[in-house]
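Below: one structure, written as C-alpha cells.
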Amino acid sequence: MQVFFQTLIGGLSLGAVYALVAMGFSLVYRTMGLVNFAHGDVVMIGAYVASTFYMSAKLPFALAIVAAIVVTGLIGVIIERVLRPLENKDFDLMLIGTIGFGIVLEAVATLIWGATGRAVPSPVPAAPLDIFGIRVRTYNLVVLAIAALAMVALVLFLQRTKRGAAMQAVAMDYEAATAVGIHVGRSNALSFSIGAGLAALGGGLVGPLLYVNASMGGSLGIKGFAAAILGGFGSIPGAILGGLAIGVLDSFSAGHFQGYSDLVTFLVFTVIIMVRPTGVFGERTVNRA
Amino acid sequence: MHTPRHIRGALIGAAVLTTILATACSAPGKSSTSSSGSGKGPIKIAVVDAQSGQLSSLGHWESNGAKLAVDQWNAKGGINGRKIQLDVFDDQGDPTVGTNLARKIASDGYIAMIGTSESAVTQAMAPILQQEQIPNITSGQADSMVKLGSPFLFLNGPTSTTYDETLAKYVVDTKGIKSIAMITNNGGYGKGEHDAFLASLSKRGVTPLTDQVVTTDQKDFSAALTTIRQKNPQLVFIGSEEVEAGLIVKQARDLGITVPFAGSAPQGTPVFAETAGAANVENTIVSSPYLGNDISDASRTFAAAYKAAYGDDAELHGAKAYDGTSIVLTALKTSNVATGKKLADAIRATKYNGLLGSFAFDSTGVGIFATSIGVISNGKLAAAS
C-alpha cells in the first residue's frame, strides 16, 4: 500500500511538469492547428535561463522563472515571425520549420552554457512532509499548485477575453477571422509566446527536480506531447489530465516492469489512443492539420 | 608497327582508370598506412566521446585528459620529430552515431582512437575498428566489451568485475554488511555493474534484499526506492551513470532512505555529488582506481597541469584518459609509429606506470586489475580507513 501511494505521489509530481509542457503544445495547436516541435527545446531554454538567473544572478526563484518566461516568450514571437510567411501556404514546411528551430535552440544552448549541464539546488529547502509513512516533497506541492493555477488562468483567458476568443476564431476559420478584423499574425504570435512562456514555467520548475542540460528537451517534449494527445489535443484541461496520467502511468510501469517501463508506458498509451483517438477530452475544433 | 593514336589513348585511359579503381577499392584503413603511418605529416589520433547530451561531462573530462597528454608530448617534440594531431568527435553517447564515426575515422586516416567513455558505444564501434585495424583504448569498464575478444580493443582502467569485487570484499568481508539492496539501470554500464556485483555477492553467499532495475532516462524512482525502503537494507548498491545516480540518491533521501550508497567510478565524480546535493552523498562508498589528486607525486603533478590547462580540478576520467593516451603514445614511440596490428601488439607489450597504477596488458586488452575503496566524508572522497 505504501509503495502504491508513494509511486502515485512520485508520478503526480513529474506529471505536473508534463502537464505544463502539454498545455503549451495544446495551446499552439488549438489556436494555429500547428504542432510546435521546438516546444521541448523551449522548455530546455526556459530551464537554463531560470537556473542562470537563480544561481548566477542570485535572483529569488520566482523572479528567475518570470525572467525565463519573458525570454522564452520572445523566442516564441521570433519563431512565429520567421514562420509567418508560410502560414496558410505550406503547412508541412511550417512543421519542419519548428523541428529546425528545435535543433537550433539546442545548439545555441550548447554554445552559451556548454554541453555538461548543471544541477539546480531546490528553492524550497524544507524537509519532505511525512503523511502516514508517505513522503511528500514540499517543492512538488508547489509545482502541482502552479500547474493548477496556470490551467485556470489559461482557460479563463481563452473563454472570457476577447483576445482569447479571437485566437479560437483564427484556428477555426482563418479567412472569416480576417474578414471580421482579427489580425491573424498578431494572434498567432501571442499564442506562440504564451505557449513558450508555459514551456519556460515547466522548464524552470523542473530544473531543481532533474538535471539541466541541452538535451533535456527531448524526453520532456515527447512525454508532454504524448500527454497532450492523451488528454485530447487542443484541450487545456485535457492537457493537465493527460500530463498527470502520463506521469502516473510512467511511475507505475517503472515499478512493475522495471527495465521495460518505457515500452509498457507507450504500449498502454497506444491502446488508449486506439480506443479513443480524440483523447479523453477530445473536441477537435481544429481540422486544418 | 604503329599503334593507332586512339587505341593508345584508350589503353592509357584504361590503365589510369584501373589505378583509380584499385585505390578506391582498397580498404580505407589500409590507405591510412600510407597517409599518416609511415608518412611525414602529423600522427593523427581521434578522440571519440560524448560532447553533448547527458553523458557529455564524461566526454569532456576524457577529451581534456587526452589533450593534456598529447600537448605534453608535442611540447617535447612529438614522436620521431612528428607532431601528434588530436581531433575530437562527438558520439552524443549514441551507439549509432558511434558506428558512423568509426567509419569516418577509418576513412580519414586516423591510426588510433581514444574513447569512448560509454561501454555501449565502444561495443558498437569495436567490430568496425577491428576490421579497419585501428587500435582503440576505451574508458568503458563493462565486461561485455572484453568478451568481444577484439585484439584492437584496450581498456584504460579496470573492468566492472574488478571494481565490484573490490567493493563487495570491503562491504561484506571487511564491514560485515550483509543486508544490501541493489538499484541499477538497464544500459550497457548499469547492466555490467549489476551482473558483476551480483556475482561477487553470490560468491560470498549474500543475496540482495531487492534487485531494482530502472531505465537510463527514467526521472522518477519512487516505486523502486519505496520498495528498497521497505526492505530496510544497511546499504544500497547503485549501478548507474553520474546524473541518474545523483537523481536516485536525491530522491532516496527525500523518501527517507538514510543508509549509505555504494558504487564505482561515477559515484566519485563532482557531477554525481552536485546532482544529488552535497549533504546527500555523505558516507557513499566508492570503488575507484583513482581516489583523488593527492594520492601520489604523479597525481599531484598531473592535477596541477590539468588545473593550469583547463582551470578545473582533475578527476578519475581525465586521469584514465591521460593514462590511456600516454600508453598509446608510448607504444607509437617504441614501435616507430607503426599502425594496425603492429601498433596493437606494441600497446599490448607496453608496461606503463600511470596515475591509476601499473599497467600490464593481458590478451583481453585489460591492463589493470585493482581499485581502492574511498568514502565521501565532508564532501571529499578519501581513502577508507
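Below, chains carry the letters A, B, ... as their sequence lines are ordered, and counting in each starts from 1.
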- Item | Euclidean distance, A/Gln2 CD relative to B/Arg229 CZ, rounded to 0.5 Å | 4.5 Å
- chain B contact via A/Ser219 - side chain, backbone, both or neither, heavy atoms under 4.5 Å: side chain
- Message: What's the separation between atom CG in A/Asp262 and atom OG1 in B/Thr215, rounded to the nearest 0.5 Å?
- Response: 4.5 Å
- Item | From OG (B/Ser222) to CZ (A/Phe4), nearest 0.5 Å | 13.0 Å
- Query: Highest number of heavy-atom pairs under 4.5 Å with chain A: which of B/His60, B/Gln92, B/Gln212?
  - Reply: B/Gln212
- For chain B, which of A/Arg118, A/His256, A/Arg137 has the most heavy-atom pairs under 4.5 Å? A/Arg137
- Message: Give me the atom names and distance for the closest heavy-atom approach of A/Gln258 to B/Asp211.
- Response: OE1-O, 3.6 Å
- Note on the structure: Pair count under 4.5 Å, heavy atoms only, with chain B: among A/Gly247, A/Gly255, A/Gly218, A/Ala119, highest is A/Ala119
- Note on the structure: If one checks every heavy atom of A/Thr7 against chain B at 4.5 Å, the contacting part turns out to be both
- Message: Out of B/Ala223, B/Gly187, B/Gly59, return the one with the most heavy atom pairs under 4.5 angstrom to chain A.
- Response: B/Ala223
- Query: In Å and rounded to the nearest 0.5 Å, what is the CG to OG distance from B/Asn186 to A/Ser261?
  - Reply: 7.5 Å
- Answer with side chain, backbone, both or neither: which region of B/Arg253 has an atom nearer than 4.5 Å to a non-hydrogen atom of chain A? backbone
- To the nearest 0.5 Å, what is the distance between CG (B/Asp90) and OG1 (A/Thr110)? 9.0 Å
- Query: Side chain, backbone, both or neither: which part of B/Leu255 has a non-hydrogen atom closer than 4.5 Å to chain A?
  - Reply: both
- Hey, could you give me the CG/OG distance between B/Asp94 and A/Ser215, rounded to the nearest 0.5 Å? 11.5 Å
- Message: Taking atom OH as the centre, does A/Tyr260 end up with more than 12 heavy-atom neighbours from other residues, nucleotides or ligands that are less than 6.0 angstrom away?
- Response: no
- Task: Would you mind checking which part of A/Leu209 comes under 4.5 Å of any heavy atom in chain B, side chain (CB onward), backbone (N, CA, C, O), both or neither?
- Result: backbone
- Under 4.5 Å from a heavy atom of chain A, the part of B/Asp217 involved: side chain
- Item | chain B interface, residue from A/Leu210, A/Leu8, A/Asp130 that has the most non-hydrogen pairs under 4.5 Å | A/Leu210
- Compare every heavy atom of A/Tyr211 with every heavy atom of B/Leu247, then report the nearest pair and how far apart it is. CD2-N, 4.5 Å
- Task: With a 4.5 angstrom heavy-atom cut-off, could you sort out which part of B/Gln51 is near chain A: side chain, backbone, both or neither?
- Result: backbone
- Measuring heavy-atom distances to chain A, does B/Gln218 have an atom under 4.5 Å in its side chain, in its backbone, in both, or in neither? side chain
